[in-house]
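A short write-up of the structure that comes next.
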Protein chains: 2
Amino acid sequence: MIKLSKLTDYAIVVMSEMARQTGTVHTVTQMAERTGVPAPTVAKLMKSLTPAGLMTSHRGAAGGYALARPAEAITIADIVVALDGPIALTACVEGAGEECGVENLCPMRGGWEKINRAIRSALEQVTLADMMGPVWTPPAREPAKALASGNA
Amino acid sequence: MIKLSKLTDYAIVVMSEMARQTGTVHTVTQMAERTGVPAPTVAKLMKSLTPAGLMTSHRGAAGGYALARPAEAITIADIVVALDGPIALTACVEGAGEECGVENLCPMRGGWEKINRAIRSALEQVTLADMMGPVWTPPAREPAKALASGNA
DNA sequence: CTAATCAGTACCGAATTGGTCCTGATTGAA
DNA sequence: TTCAATCAGGACCAATTCGGTACTGATTAG
């Protein structure tokens, strides 16, 4: 299976949980408790998502994180780019030109571009809001994995 | 970057090279020489692609492998499924139900299904023929990587 | 001034992946 | 019939990547 990294999966879970909760500022500890994702891992995610413009942060005693935009305005593509880098199945992609010195000559470029464009388009059409659903309680064991994949 | 495994990348390279060559039967050694992919690795690929119906094989002194269908009739989706398993970004996918016991309740299912379908569709619309191009000579160093990604 | 929380960086163990090796089976040619 | 060439199956290993953690510094409200 071609797959997203677990960390990206976690980010979507955490961010959709933030979108669902009332209140706007959430600490790493709160997010960890609600989603079952380990706190150090949530902290790590926030350190990538914040500079990418998807989260805003506030230091200090009343500090925490908030979604930078409403859930409807954050696409899965945004999240994937922030954590996994450019959306593509191979290094043959715009913006990754430094890895490909003969892009004009590569016989496969056309095929891969078609695929990469379709994937990007699909990820851009789904937002965090689409990933939210009824309130859901994470299982007690292997929670992060279970939650990320929707497992029982 | 969400990416295909290197082995899947190699398989596409090797198979498109086979499609380009005259003659229909190619040994592992020949394919390794033409593409720069190590022979044991090519052999490994063939052991997955053949049972999947993408290659036919013939043992014995005049043995080797051949594409099971013309290049136009082999999609990138076929190859990815044979090597990487079902096409999906997460375990939330039809056919992987054993990993998800609450698929009817999973709040994210709808979003992921849309994405997974789009990726499958994109991969099904590109064939091995689309990945072939002018005759191209692989570089001498790090050949498999260079070739697979079209790097100089 | 203190406690709570984010920010940056480095490190480590586990898992996965790429790659190899060995042996057995098959087949055509000598 | 024998032999060389090649595929088939399975196991194993090293390297790399990823998930996860830990520590220290900076910031902020009370």
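Everything numeric here is computed off the predicted structure, so don't read it as measured data. So you know, we letter chains A, B, ... as the sequences are listed, proteins then strands, and number each from 1.
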Given [N], is OP1 or OP2 found less than 4.0 Å from the side-chain N or O atoms of [X]?
X	N	answer
B:Tyr65	D:dA8	yes
B:Thr41	C:dT20	yes
A:Ser57	C:dT5	no

Closest listed nucleotide, where the reference is the side chain of [X] and the choices are [options]:
X	options	value
A:Tyr10	D:dG20, C:dG18, D:dT6	D:dG20
B:Lys47	C:dA7, D:dC7, D:dA8	D:dA8
B:Ser5	D:dT21, C:dG18, C:dA7	C:dG18

Using a cutoff of under 3.5 Å, can you pull out all pairs of nitrogen or oxygen atoms linking the protein to nucleotides 27-30 of chain D, with atom names and distances?
unit_1 : atom_1 : unit_2  : atom_2 : d
D:dT27 : O4'    : A:Arg59 : NH1    : 3.0
D:dT27 : O2     : A:Gly60 : N      : 3.4
D:dT28 : O2     : A:Ala61 : N      : 3.1

Can you measure [X] atom [atom1] to [N] atom [atom2] for me and round it to whole angstrom units?
X	N	atom1	atom2	result
A:Met46	C:dG8	CE	P	14 Å
A:Gln30	C:dC6	CD	P	9 Å
B:Leu45	C:dG18	CG	P	9 Å
B:Met55	D:dT6	CE	P	15 Å
A:Met31	C:dT5	CE	C1'	11 Å
A:Lys3	D:dG19	NZ	P	9 Å
A:Leu7	C:dA15	CG	P	16 Å
A:Leu49	C:dG8	CG	C1'	16 Å

Using a 4.0 Å heavy-atom cut-off across all strands, classify A:Thr29 as base, sugar-phosphate, or nothing. nothing
[X]: what forms a side-chain contact (heavy atoms from CB on, under 4.5 Å) with it, not counting sequence neighbours?
X	value
A:Thr24	none
B:Ser121	B:Gln125
B:Ala71	B:Ala19, B:Leu128, B:Ala129, B:Met132

Any donor-acceptor N/O pair under 3.5 Å between C:dG18 base and B:Lys6 side chain: no
If you measure from the Lys or Arg side-chain nitrogens to the Asp or Glu carboxylate oxygens, is any gap between A:Glu113 and A:Arg117 under 4.0 Å?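 Yes, charged N to carboxylate O under 4.0 Å.
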Using side-chain hydrogen bond (donor to acceptor under 3.5 Å, both in side chains) as the criterion, list what pairs up with B:Glu72, not counting sequence neighbours.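 For B:Glu72, no residue satisfies side-chain hydrogen bond (donor to acceptor under 3.5 Å, both in side chains) once neighbours in sequence are set aside.
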For A:Arg69, all residues meeting side-chain hydrogen bond (donor to acceptor under 3.5 Å, both in side chains), sequence neighbours excluded: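 Result, side-chain hydrogen bond (donor to acceptor under 3.5 Å, both in side chains) vs A:Arg69: A:Asp78.
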Could you check B:Ile79, B:Ile12, B:Leu49 and say which one makes a side-chain contact (heavy atoms from CB on, under 4.5 Å) with B:Ile74?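 Considering B:Ile79, B:Ile12, B:Leu49, a side-chain contact (heavy atoms from CB on, under 4.5 Å) with B:Ile74 is found only for B:Ile79.
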